> 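To start, I am sharing the structure in question, which I have written as structure tokens.
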Amino acid sequence: MPTEPQSPYLPFGENKHAAWFGKDIISVKQFNRADLEYIFGVAHEMRGMVERVGTFDLLKGKILANLFYEPSTRTSSSFTAAMERLGGSVIPINEVKYSSVTKGESLSDTVRTLECYADVIVLRHPETGSAAIAAKAARKPVINAGDGTGEHPTQALLDTFTIFEELGAGQVDGMTVTMLGDLKYGRTVHSLARLLSLFKVRLNYVSPDILKMPKEVMDEVGEKGIAQAEFSTLEKVLPETDVLYVTRVQKERFEDPADYEKVKSAYVIDPAIMQAAKQDMIVMHPLPRVTEISMDFDDDPRAAYFRQMEYGLYVRMALLAMVLGKA
Ligand code: ASP
Ligand code: CP
């Protein structure tokens, strides 16, 4: 338990009646504005604790199973760091080929196995809907760390926290957010568009014709009364943009490699292009990047993508504490 003074945000301590105790985190559709304020309040406190004491014992004795069927650097290592900074420990299964998945074990049986040893399961899987299947099989909380082209809810939470921290929580209503790149296969933008529809934002979608935002997502966002517009080039919308959210073309999702070749270099953000943007805006990217943001832009103060990764640690600490009944 931390010895720091209690925060107005964060009632540290066991609370099995807390709203999020034992819950799965599968989709951003689970969250409302009050939930975001709560999560970001806890994340803010987690940041303060990491800066003051580094590691503390809020989740001492708790174990996380980190089950990754797809590659990951940030999500996997930030969940590990989050658990360890909270005093817990991690079973890492990053290479399922060395697990009994190779012997044909189903996802449901795999999570039923891991919950015998762990208190919470973080799952990344190539199939849309896999996190919901795992959550149905498991009694312990399952956190979706990316299900195919479906959702990446913890990324959208950290993205929204980034916008709050960088541009001010009170500024989100009225903002223009421009999503650029692979909006068809990019699960992060599917989650982020849905989550931002809780606010009075304007959403611009800039993509090649074959990589447009799915109709299903646009319909859901439209039902919330959010203004959305589609473009094939950035020029027109860049000057009005408060958040430019750049994505990687998701090579691994293409059925025809020739299609990938056609669109892989559709957009490149560089200092020359960014001259047309405001000074008080930010450029975000879930990362990894390939060529869509030039490294020449990294030193620009508007380049928020490295800071964005750090915010992810605090949001994931908050989520683990919440589902384990400690926040
Ligand atoms: N890392 C993010 C994801 O897993 C974005 C990307 O891979 O391009 O969805
Ligand atoms: N942003 C993200 O999910 O990164 P990884 O694929 O490296 O986990």
Side-chain angles (χ1 to χ4, degrees), residues 24-37 39-40 127-129 131-132 144 146-164 166-250 253 263 266-267 277-278 281-286 292 308:
D24 304 304
I25 297 176
I26 305 301
S27 163
V28 290
K29 294 176 201 171
Q30 293 169 249
F31 302 105
N32 59 33
R33 276 178 83 137
D35 295 325
L36 296 192
E37 273 164 34
I39 296 166
F40 298 163
E127 278 163 35
T128 305
N144 181 3
D147 62 328
T149 60
E151 282 219 34
H152 195 343
T154 68
Q155 178 74 44
L157 289 168
L158 79 87
D159 292 341
T160 307
F161 184 57
T162 302
I163 297 172
F164 271 52
E166 295 272 322
L167 297 176
Q171 306 302 312
V172 181
D173 287 312
M175 250 180 208
T176 297
V177 178
T178 298
M179 301 184 182
L180 174 81
D182 186 347
L183 310 183
K184 178 181 180 187
Y185 297 121
R187 56 193 170 198
T188 69
V189 283
H190 301 165
S191 287
L192 186 59
R194 288 177 169 121
L195 197 62
L196 288 178
S197 71
L198 295 173
F199 301 90
K200 291 185 182 60
V201 292
R202 163 178 288 278
L203 296 179
N204 294 319
Y205 305 130
V206 182
S207 71
D209 202 45
I210 60 167
L211 298 178
K212 284 180 157 179
M213 183 63 90
K215 183 175 178 309
E216 179 199 347
V217 178
M218 286 189 70
D219 286 349
E220 278 176 43
V221 169
E223 276 166 25
K224 302 265 179 63
I226 301 298
Q228 305 173 87
E230 296 183 284
F231 303 88
S232 57
T233 60
L234 181 61
E235 282 69 26
K236 192 163 168 243
V237 290
L238 185 58
E240 71 189 34
T241 294
D242 299 297
V243 175
L244 177 62
Y245 192 95
V246 185
T247 64
R248 173 179 70 89
V249 179
Q250 309 277 294
R253 311 275 182 222
V263 291
Y267 309 101
K278 299 183 200 178
M281 56 83 74
I282 53 172
V283 177
M284 297 174 61
H285 192 310
E292 58 281 356
Q308 186 182 346

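These numbers were taken from a predicted model, which means no experiment stands behind them.
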> I'd like to check L195 versus L36 (side-chain heavy atoms, cut-off strictly below 4.5 Å). Are they in contact?
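Yes; the side chains approach each other to less than 4.5 Å.
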> Mind checking what makes salt bridge (Lys or Arg N to Asp or Glu O under 4.0 Å) contact with E230, not counting sequence neighbours?
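Here no residue qualifies.
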> If you compare all heavy atoms of P214 against all heavy atoms of K184, which two are closest, and at what distance to 0.1 Å?
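Shortest heavy-atom contact: CG-O, 4.0 Å.
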> Could you walk me through whether M179 and L196 pass side chain to side chain contact (heavy atoms under 4.5 Å, CB included), step by step?
CA-CA 12 Å; M179 301 184 182; L196 288 178; 4.3 Å; yes
> Please identify each residue that fulfils side-chain hydrogen bond (donor to acceptor under 3.5 Å, both in side chains) with N32, with sequence neighbours left out.
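None.
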> Out of curiosity, L180 CG to T247 OG1, how far, rounded to the nearest 0.5 Å?
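Between atom CG of L180 and atom OG1 of T247 there are 6.5 Å.
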> Kindly write out the residues that satisfy side-chain hydrogen bond (donor to acceptor under 3.5 Å, both in side chains) with H285, not counting sequence neighbours, or none if the list is empty.
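side-chain hydrogen bond (donor to acceptor under 3.5 Å, both in side chains) check on H285 returns E292.
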> Which residues pass the side-chain hydrogen bond (donor to acceptor under 3.5 Å, both in side chains) test with D209, sequence neighbours left out?
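D209 satisfies side-chain hydrogen bond (donor to acceptor under 3.5 Å, both in side chains) with no other residue.
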> Can you give each donor-acceptor pair under 3.5 Å made by side-chain atoms of residues 151-161, sequence neighbours left out, with the distance rounded to 0.1 Å?
from : atom 1 : to   : atom 2 : distance (Å)
E151 : OE1    : V28  : N      : 3.0
E151 : OE1    : S191 : OG     : 2.7
E151 : OE2    : S27  : OG     : 2.6
H152 : NE2    : R124 : NH2    : 3.1
T154 : OG1    : R316 : NE     : 3.3
T154 : OG1    : R316 : NH2    : 3.0
Q155 : NE2    : D159 : OD1    : 2.8
D159 : OD1    : Q308 : NE2    : 2.8
D159 : OD2    : Y245 : OH     : 2.6
T160 : OG1    : A156 : O      : 2.8

> Run the side-chain donor-acceptor check on residues 199-208: report pairs under 3.5 Å with partners two or more places apart or on a different chain.
from : atom 1 : to   : atom 2 : distance (Å)
N204 : ND2    : T178 : OG1    : 3.3
N204 : ND2    : E240 : OE2    : 3.2
Y205 : OH     : Q228 : OE1    : 2.6
S207 : OG     : L211 : O      : 3.4

> What residue pairs, at least two apart or across chains, pass salt bridge (charged side-chain N to carboxylate O under 4.0 Å, His left out) with a residue in residues 171-182?
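Every pair satisfying salt bridge (charged side-chain N to carboxylate O under 4.0 Å, His left out) with a residue in residues 171-182: R33-D173.
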> The test is side chain to side chain contact (heavy atoms under 4.5 Å, CB included); show your working for L183 and V217 and say whether it passes.
CA-CA 10 Å; L183 310 183; V217 178; over 6 Å; no
> Provide the closest heavy-atom pair for P286 versus V246 in the form atom of the first, atom of the second, distance.
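Looking at all heavy atoms of both residues, the shortest contact is CD-O, 3.3 Å.
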> Which heavy atom of F31 sits nearest to which heavy atom of I25, and what is that distance?
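So the two residues come closest at CZ-CG2, 3.9 Å.
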> To the nearest 0.5 Å, tell me how far R253 CZ sits from T149 OG1.
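One gets 6.5 Å once the value is rounded to the nearest 0.5 Å.
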> Under the salt bridge (Lys or Arg N to Asp or Glu O under 4.0 Å) test, which residues partner K224, sequence neighbours left out?
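Salt bridge (Lys or Arg N to Asp or Glu O under 4.0 Å) list for K224, sorted by chain: empty.
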> Mind checking salt bridge (Lys or Arg N to Asp or Glu O under 4.0 Å) for E235 and listing every partner two or more places apart, or none if nothing turns up?
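Applying salt bridge (Lys or Arg N to Asp or Glu O under 4.0 Å) to E235 gives none.
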> Listed by chain and number, what are the side-chain hydrogen bond (donor to acceptor under 3.5 Å, both in side chains) partners of K236, not counting sequence neighbours?
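side-chain hydrogen bond (donor to acceptor under 3.5 Å, both in side chains) list for K236, sorted by chain: empty.
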> Check R187 against D147 and note the closest heavy-atom contact, atom names and distance.
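That would be NH1-N, 3.9 Å.
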> How would you list, by chain and number, every residue that makes a salt bridge (Lys or Arg N to Asp or Glu O under 4.0 Å) with D24, sequence neighbours excluded?
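Testing D24 for salt bridge (Lys or Arg N to Asp or Glu O under 4.0 Å), a comparison that skips the adjacent residues, returns none.
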> Taking the side chain from E166 and the backbone from F164, do they hold a donor-acceptor pair closer than 3.5 Å?
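No; judged by distance alone, with no hydrogens or angles, the pair does not exist.
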> Would you mind reporting whether I163 and M175 have side-chain heavy atoms less than 4.5 Å apart?
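The answer is yes, as the side chains (C-beta and beyond) meet within the 4.5 Å cut-off.
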> For K212 and M218, run side chain to side chain contact (heavy atoms under 4.5 Å, CB included): C-alpha distance rounded to whole Å, both residues' side-chain angles, the deciding distance at 0.1 Å, then the answer.
CA-CA 10 Å; K212 284 180 157 179; M218 286 189 70; over 6 Å; no
> May I ask you to decide if V177's main-chain N or O and T241's side chain share a donor-acceptor pair within less than 3.5 Å?
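No, T241 side chain to V177 backbone: no donor-acceptor pair under 3.5 Å.
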> Pairs in or reaching into residues 167-188: which pass ring-ring contact (aromatic ring centres under 6.0 Å, His included), with residues at least two apart or in two chains?
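Those involving residues 167-188 are Y185-F254.
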> Apply salt bridge (charged side-chain N to carboxylate O under 4.0 Å, His left out) to residues K278 and D242 and explain how you reach the verdict.
CA-CA 8 Å; K278 299 183 200 178; D242 299 297; 2.6 Å; yes
